[in-house]
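Taking it in order: structure first as structure tokens, then the write-up.
If you're wondering where the values come from, they're calculated on a predicted model, not measured in any experiment. All chains are named by letter (A, B, ...) in the order of the sequence lines, taking the proteins before the strands, and each is independently numbered beginning at 1.
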Amino acid sequence: MTMAFTFAAFCYMLTLVLCAGLIFFVIWQIIAFDELRTDFKNPIDQSNPTRARERILNIERICNLLRRLVVPEYSIHGLFCLMFMCAGEWVTLGLNIPLLFYHLWRFLHRPADGSEVMYDPVSVMNADILNYCQKESWCKMGFYLVSFFYYLYSMVYALVSF
Amino acid sequence: MWWQPFPNLSQLSAALGGLSGVPELEVETLRPVNLVQERNLLPPGPWSRTFRCTLTSIPQTQALLNKARLPLGLLLHPFRDLQQLPVITSNTIVRCRTCRTYINPFVTFLDQRRWKCNLCYRVNDVPDEFMYNPVTRSYGEPHRRPEVQNSTVEFIASSDYMLRPPQPAVYLFVLDVSHNAVESGYLKYFCDSLLENLDKLPGNGRCRVGFLTFDSTIHFYNLQNGLSQPQMLVVSDIHDVFIPSHDNLMVNLKESKELVKELLAALPSMFAHTRESQSALGPALQAAFKLMTPTGGRVSVFQTQLPTLGAGLLQSREDPNQRSSTKAVQHLGPATDFYKKLALDCSGQQIGVDLFLLSSQYSDLSSLACMSKFSAGSVFYYPSFHHVHNPAQLEKFQRDLERYLTRKIGFEAVMRIRCTKGLSIHTFHGNLFVRSTDMLSLANVNPDSAFAVQMSIEDSLADSSLACFQAALLYTSSKGKRRIRVHTLCLPVVTQLSEVYAGADVQAITCLLANMAIDRSVSSGLPDARDALVNAVVDLVGAYRTSVSNLQQNGLVLPSAMRLFPLYILALLKQKALRTGTSTRLDERVFAMCQFKTEPLPQLMRLMHPDLYRLDTISDQGALHLNDVIVPQPQLLHLSSERLSRDGTFLLDCGSVLFVWVGRACSDVFLRDVLGVHDYASLPPSMNHIPELDTPLSERIRAFLDWLQENRAFSCPLHVIRYFRLPTTHYVIRFLSSPYIKQTNKNIVSFNQSSVVHRL
């Protein structure tokens, strides 16, 4: 039994590492949404005018952070799809295509004033948007976790087979 | 139960003027209405003006709500001017321990000492001080206290709610003095209005004012008490704005009143010969922000053109050839996020920014309006404003300014809306900043802004037969007192679809759908939003048809409560905000959208579906007697051209304008006694006032018109129009092309039947 270090194996190795990074990003996002939801605990603080500025700055800071994660995440996933296409791994590519289209759709439907990819501080605290983003993050978390183990298995398979 | 306000559901419903308990009324509201046959459709009866829900019978589960195909939401007008407002001055404000709900008329007292919250069902103790009722001076009857007897109360906040001393009233006026502004001539009228109303600005001895003018540079005014005349300080570095002097630019109004008056008298002539055509609005706003940061307050911005210099400069984006396009309208969203970021910064410092746009050309209102949208300000727009060529706009500006300067105002406000366990709020509409899923940050509150919220039913409401909503607005009054205004609404929960339909509030549903359609048109495009509105009607018809199975008639059948729904949606689709195919300037469209998001419900309904009255047959039957004046209450007519006749005079109340249409064969008595002319031919082509004649008919008509004007915030102009006389043609066209004066019934039925038939 020989170990064949094919291009496919190399792809899977790389995606494994990067997928760990993606999981990290998504966990970061989930924590950020939780932070967004927590306003000051004390109702006196909540109604204190001097705290309003802190709260707005907090929301803007978290939104900036979330926004910075968006393009790296989408481009890493795009890189995955490209690599699988080059390596000829059609099954894996097929499993990742829906998420690629979803990312494209999200990217193209962002707010029109150009500056913000998404996560607009003025509308992010509406419960429907916040709940949607949280659900999205949890789903992606599940997907990336499953993909991580799938890539691990595929890498070993690609290394061992010939 | 020792004491409970409404021991059973029918009593509550009867008390709410609701559905069950009166058999005839119940049958009436549950009766299906076939729109092909019924022609005489009048809007449903009087509703609360402060707090309205789209469904006055809340469905028990989300599944039932989905089956009804109606949106669930609230429309509130929390800071409305009220004739009577109970103010509670006691030291203890009784609130539920877990959910912090204020005690309200819908709680249950288990015995004298314990009360059960109606939102979270927790049992709380009644504090000792609460047992004494200061109004009746009796002990032991907590349920008679004013907090428990009135659904709208105002508490005086204790020192717990004030961690910084409440701010004084601070007003800053930012004025455009470029060549364009001087040409339009608004400055003189603004200064005159402010001089007249300087004493009526809400505030106490701590009230402060300041002025900032700008063209391509920014001018500050030192109004320090003790100076012989106001001093102007010019800052020309607009890329790095700084405040030239810290203490003297925002001055105490009482102390520096003479200087302020001198400045206002001198301002119009100071810039009369300016040649500056550039406008540095962005830097001026940055300067205003720096000036107001220590205190917070209100900034009123007057702008007459596109900002062309400095940060936040805007390009002309409108394509005039696209005005009548039936495809998606471009550029409904902001071009830059400069104004949005500025508004957020202002909101954090409790500064509200109001915008007065008095321009004759495209000024990118969609970007500029952001400065007010997120700082809880208001937007006023006067298209084609010119002090000589457009007297109608000038008069409107003057009236609006008078109301704006003298109306009540609240500063550094937050509002929280609480609902019964199981209901949750998911979207807010209006000029506000959402800082938490149930809490809004409002830098300024004013009595003319309303908000809308959309709700969903997360858990089944099976625990209770009542659903309650409470809106609590904590604000600082203009006199520096911290107050909490609490509104509570209580509605029954129902399990049957027919009961949901019987309790639907068609006007509230239309306005909530309008808000949703406007959001949709900005995010996915106007045609999408219009389709969604039509689908709302089609879905309702389909859902009603499947739910009420014993329908034999063919035609357009709707629940009685929703009989006007297709007409309202048609009217909505013809509004400037949402119409396609008719030439609409982009700024006017954007302003119409802003209006839909912030105007209170009665005003919006008048804009969409005006009130029609007949004036020449006015009588004293059912008249109101207010302050020794008899105010007749003519009957509301069904809004259709079938009701107009040539021998009468009709009044069309469109919310922002009043039309009096005189028929050609109108009686000479009426013409003489009310309009002061001998015959029809001598009616002047443009008449804007009903003359003050000493006849009883004239008095009645004028009393009625005055009563209509008083019941709204901004008084509106009146136009008397004749039938087809050239100079008044544009009024006639407006009157006759208003979305209703057509053979409307036939139009709706054919429109809806075709779309209904097409989709079902």
Side-chain angles (χ1 to χ4, degrees), chain A residues 32-64 66-68 70 104-136, chain B residues 95 100 157 160-164 166-167 293 296 330-341 343-345 347-350 366-367 370 373-374 411-414 416 424-429 432-441 443 453-454 456 472 474 476 482 484 519 522-524:
Chain A
F33 290 128
D34 226 10
E35 252 197 82
L36 262 183
R37 276 191 192 271
T38 55
D39 199 345
F40 291 95
K41 274 290 164 250
N42 187 350
I44 304 292
D45 275 336
Q46 285 170 5
S47 49
N48 188 354
T50 47
R51 298 274 188 231
R53 183 169 159 70
E54 272 177 59
R55 172 67 181 155
I56 291 188
L57 286 177
N58 218 18
I59 293 178
E60 283 185 310
R61 176 183 62 83
I62 297 174
C63 284
N64 275 331
L66 285 167
R67 239 176 281 134
R68 276 207 293 266
V70 168
L104 270 173
W105 177 80
R106 274 286 253 161
F107 191 77
L108 293 171
H109 279 253
R110 63 191 193 278
D113 63 5
S115 62
E116 316 197 343
V117 180
M118 48 191 83
Y119 303 116
D120 193 356
V122 301
S123 61
V124 74
M125 287 312 299
N126 278 308
D128 57 351
I129 294 185
L130 203 53
N131 289 339
Y132 175 78
C133 291
Q134 269 191 312
K135 253 193 292 217
E136 186 197 23
Chain B
R95 299 174 74 169
R100 310 297 295 154
D160 295 340
Y161 296 89
M162 301 192 262
L163 275 113
R164 75 167 186 180
Q167 64 161 93
T293 295
Q330 306 284 345
H331 309 305
L332 286 173
T336 165
D337 62 346
F338 171 79
Y339 297 98
K340 181 159 64 175
K341 288 215 160 61
L344 284 186
D345 290 337
S347 188
Q349 298 293 136
Q350 311 299 341
S366 40
S367 307
C370 292
K373 270 194 217 169
F374 308 115
F411 298 102
E412 48 189 21
V414 288
R416 176 172 262 141
S424 75
I425 297 181
H426 67 78
T427 309
F428 293 93
H429 298 279
L432 41 80
F433 176 68
V434 188
R435 66 178 270 172
S436 179
T437 45
D438 61 348
M439 189 145 147
L440 308 171
S441 201
V453 305
Q454 283 170 257
S456 62
L474 169 64
T476 299
R482 204 97 168 109
I484 309 170
D519 274 354
V522 176
S523 63
S524 0

Considering only heavy atoms from C-beta outward, does the side chain of [X] approach that of [Y] to under 4.5 Å?
X	Y	result
A:Glu60	B:Leu344	yes
A:Asp120	B:Lys340	yes
A:Ile56	B:Arg435	no

Assert top hit (heavy-atom pairs under 4.5 Å, partner chain B, pool A:Asn131, A:Val122, A:Val124) equals A:Val122
For [X], is it the side chain, the backbone, both or neither that has a heavy atom under 4.5 Å from a heavy atom of chain A?
X	value
B:Val414	side chain
B:Phe428	both
B:Leu332	neither
B:Ser456	neither

For A:Ala52 and B:Gly348, work out which heavy atoms get closest and say how close.
CB-O, 4.0 Å
For B:Thr427 and A:Asn126, which heavy atoms make the closest approach, and how far apart are they?
CA-OD1, 3.6 Å
Just give me the residue among [options] that pairs up with chain A most often, heavy atom to heavy atom, under 4.5 Å.
options	answer
B:Arg416, B:His331, B:Arg100	B:Arg416
B:Leu432, B:Thr437, B:Asp438, B:Asp345	B:Thr437
B:Arg482, B:Gln454, B:Gln167	B:Arg482

How far does [atom1] of [X] sit from [atom2] of [Y], to the nearest 0.5 angstrom?
X	Y	atom1	atom2	result
B:Ser347	A:Arg53	OG	CZ	11.5 Å
B:His426	A:Ile129	NE2	CD1	11.0 Å
B:Glu412	A:Thr50	CD	OG1	9.0 Å
A:Leu130	B:Ser436	CG	OG	9.5 Å

Across all chains, not counting sequence neighbours, the side chain to side chain donor-acceptor pair (under 3.5 Å) partners of B:Arg95 are B:Tyr102, B:Tyr161
Set of side-chain contact (heavy atoms from CB on, under 4.5 Å) partners for A:Asp34, sequence neighbours left out:
none
